[in-house]
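To start, the structure under review is shown below, and the notes come after it.
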Amino acid sequence: MTGRLPPLLLAAVLAAAAPACGQAPPADAAAAGGHAVVLLYHHVADDTPPSTSVTPDVFDAHLDYLDSNGYQVIALSRLIDALADGGNAQSLPEKAVAITFDDAYASVYHQAAARLEQHGYPYAVFVSTDYIDQGLGNYMTWQQLRDLETRGAEIANHSRDHGHYVHRPTGESRAEWRARIKADIESAQQRLEDELHAPLEVIAYPYGEFNPALQTLTRELGMVGFGQQSGPVGSASDLQALPRFPMAAGFAELDSLAEKLRTRPFQVTVLSDDDPVLAHDAPAPTLRVKLKADTARLEALSCFVTGQDAPQLEWVDADAGILEVTARRPLPAGRSKYTCTAPSTEGSGIFHWYSHLWMKPPGPGSWYSD
């Protein structure tokens with residue numbers, strides 16, 4: 001792959017240390033300095049599934065809010081450059097935001113692009129290349145993607161056909177899984193390079209699903225990886241597990257957007273060794289983390305579990321910020337998250353935020369559908 005990331009950035013990506021459990025930086029990572037929020041959209045339309053959509057009116061309201069409240073929308077490549085260059089996240093502008101779209105839906109071309117251009121906002125589109133090659137309805141064409149690229153959009157990898165990368169079918173060895181996923185990522189990247197001028201060497205994992213093996217592969221390919229677990233990014237963020245805040249019905253109100261834009265990252269070290277892909281009959285997993293942020297009020301920390309009551313919390317070493325989080329019931333099949341927030345001493349309404357992804361199949365050797 002030739003790609004667009006500059007040599008210094010590629011070197012930084014390749015040199016990044018592997019996280020303890022696939023979702024956090026190493027324990028000796030530099031303290032978080034500058035930070036940014038990455039927003040994730042899919043459809044911008046009135047007639048698409050609410051779970052992955054915002055209406056054009058809501059999207060207008062989001063862009064107007066960013067504009068009127070002094071947020072600095074920056075290109076995704078600029079954000080990655082700052083995160084990859086050691087502690088250079090401090091070079092990020094105050095109130096930095098990046099805007100991304102997954103799947104390359106046609107509504108991005110017909111509804112979102114002109115609105116973004118009116119505000120002068122850069123953005124990135126992640127593409128599943130088979131969908132474009134097959135001319136599937138509701139997706140952009142290669143010509144439309146080329147048009148957006150000439151107008152300033154950045155285009156990046158979202159796999160070939162949006163499969164569940166972390167699922168290893170019964171009978172497939174780890175080596176076979178790795179070869180299959182590597183070929184998929186490289187093939188999608190090659191299609192982007194065949195059709196476009198300068199696609200990023202960045203992947204948004206399909207469905208936001210990732211595990212340590214996938215992160216290792218992404219790192220070895222010299223690529224940066226984004227999930228869909230919520231949270232801001234900073235200098236201590238793992239370059240193969242960067243979080244984004246999904247924007248869709250139920251999570252796209254202006255109050256919710258404003259809260260997310262005000263978030264600050266933790267420096268997180270995952271100390272438990274559980275794979276985020278659980279066994280189908282696994283009990284509630286326990287997440288042990290070390291949380292650090294000079295401005296976080298850890299004594300006021302709260303944690304949440306997708307679809308459940310508040311989890312059990314145990315401070316193993318409060319002075320060191322070592323915490324165990326355990327759901328009160330086994331997690332259901334599908335994707336679940338443990339999310340922990342703590343108010344910041346920087347001001348009222350500002351929270352440090354960390355979200356940890358779990359995935360659970362419905363039965364042995366199977367996987368859930370979306």
Side-chain angles (χ1 to χ4, degrees), residues 34-83 92-127 138-140 144-145 147-156 158 200 202 204 208 226 228 230-233 242-265 349-351 353:
H35 61 272
V37 166
V38 184
L39 302 179
L40 163 61
Y41 297 89
H42 289 82
H43 300 276
V44 179
D46 292 300
D47 57 354
T48 49
S51 61
T52 54
S53 303
V54 296
T55 68
D57 286 347
V58 167
F59 192 62
D60 280 334
H62 285 193
L63 300 184
D64 289 342
Y65 185 89
L66 293 171
D67 196 16
S68 61
N69 287 275
Y71 286 94
Q72 303 295 310
V73 179
I74 63 174
L76 192 66
S77 58
R78 179 181 174 188
L79 171 62
I80 293 169
D81 285 346
L83 297 178
L92 291 169
E94 187 176 358
K95 303 176 81 170
V97 177
I99 295 175
T100 66
F101 296 88
D102 279 7
D103 302 329
Y105 288 116
S107 65
V108 177
Y109 186 82
H110 294 296
Q111 297 289 348
R115 289 171 161 85
L116 289 158
E117 290 165 8
Q118 184 177 9
H119 286 268
Y121 288 164
Y123 60 98
V125 179
F126 289 96
V127 179
N138 214 25
Y139 292 87
M140 281 188 261
Q144 288 171 333
L145 286 166
D147 182 35
L148 291 188
E149 190 181 40
T150 63
R151 290 156 60 183
E154 295 182 322
I155 313 297
H158 198 36
L200 301 181
V202 179
F226 280 89
Q228 294 186 25
S230 55
V233 299
L242 293 172
R244 297 179 289 171
F245 281 107
M247 295 284 111
F251 300 95
E253 296 83 0
L254 282 184
D255 286 348
S256 177
L257 172 67
E259 178 185 57
K260 293 163 185 173
L261 291 170
R262 293 193 301 265
T263 57
R264 303 290 188 266
I350 299 175
F351 286 84
W353 187 302

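All residue numbers refer to positions in the sequence shown, counting from 1.
- Once rounded to the nearest 0.5 Å, the distance linking CD of Gln111 with CG of Asp46 reads 7.5 Å.
- Side-chain contact between Phe251 and Pro246 is absent, with no heavy atoms from C-beta onward closer than 4.5 Å.
- Scanning all heavy atoms of the two residues, the minimum distance from Arg78 to Ile74 falls at NH1-CG2, 3.6 Å.
- Atom-to-atom distance recorded for Asn69:CG and Tyr71:OH is 6.0 Å, nearest 0.5 angstrom.
- Judged by distance alone, with hydrogens and angles left aside, the side-chain atoms of Glu154 form no donor-acceptor pair with the main-chain N or O of Ala75 at under 3.5 Å.
- Thr100 contributes a side-chain N or O that, together with a main-chain N or O of Leu39, makes up a donor-acceptor pair within less than 3.5 Å.
- Applying the side chain to side chain contact (heavy atoms under 4.5 Å, CB included) criterion to Ala98, with sequence neighbours excluded, gives Val38, Leu76, Leu79.
- Other residues, nucleotides and ligands contribute over 12 non-hydrogen atoms within 6.0 Å of the OH atom of Tyr65.
- To the nearest 0.5 Å, atom CG of residue Leu145 and atom OG1 of residue Thr150 are 11.0 Å apart.
- Counting heavy atoms from C-beta on, the side chains of Met140 and Val125 come closer than 4.5 Å.
- Side chains of Asp102 and Arg244 form a contact here, defined as non-hydrogen atoms less than 4.5 Å apart.
- By the salt bridge (Lys or Arg N to Asp or Glu O under 4.0 Å) test, Arg264 pairs with Glu346, sequence neighbours left out.
- Considering only heavy atoms from C-beta on, His43 comes within 4.5 Å of Pro49 through its side chain.
- For Glu253, the CD atom is densely surrounded, since the number of other residues' heavy atoms within 6.0 Å is greater than 12.
- Counting heavy atoms from C-beta on, the side chains of Pro56 and Arg115 come closer than 4.5 Å.
- How far CD of Gln72 is from CG of Asp67: 9.5 Å, rounded to the nearest 0.5 Å.
- Leu92 approaches His35 most closely through the heavy-atom pair CD1-O, 3.9 Å.
- Minimum heavy-atom separation, Gln144 to Tyr139: OE1-O, 4.5 Å.
- Minimum heavy-atom separation, Pro232 to Phe245: N-CE1, 3.8 Å.
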Exercise. Checking side chain to side chain contact (heavy atoms under 4.5 Å, CB included) for the pair His42/Val108: CA distance, chi angles, key distance, verdict?
Worked result: CA-CA 8 Å; His42 289 82; Val108 177; over 6 Å; no
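- Leu261 CG to Ile350 CD1: the interatomic distance, rounded to the nearest 0.5 Å, is 11.5 Å.
- Annotation: side-chain hydrogen bond (donor to acceptor under 3.5 Å, both in side chains) contacts of Ser53 (sequence neighbours excluded): Thr48.
- In this structure, Pro243 and Val233 have side chains that are in contact, with non-hydrogen atoms separated by less than 4.5 Å.
- Of all heavy-atom pairs between Ala248 and Pro50, the closest is CB-O, 3.7 Å.
- Closest approach of Tyr121 and Ile99 over heavy atoms only: CD1-CD1, 4.4 Å.
- Side-chain contact between Leu254 and His62 is present, with heavy atoms from C-beta onward closer than 4.5 Å.
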Problem set entry | Worked check of side chain to side chain contact (heavy atoms under 4.5 Å, CB included) between Leu148 and Phe101 | CA-CA 13 Å; Leu148 291 188; Phe101 296 88; over 6 Å; no
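- Ring planes of Phe126 and Phe226: tilted class, angle from 30 to 60°.
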For this session: Tell me, with the steps shown, if Met247 and Phe59 meet side chain to side chain contact (heavy atoms under 4.5 Å, CB included).
Result: CA-CA 9 Å; Met247 295 284 111; Phe59 192 62; over 6 Å; no
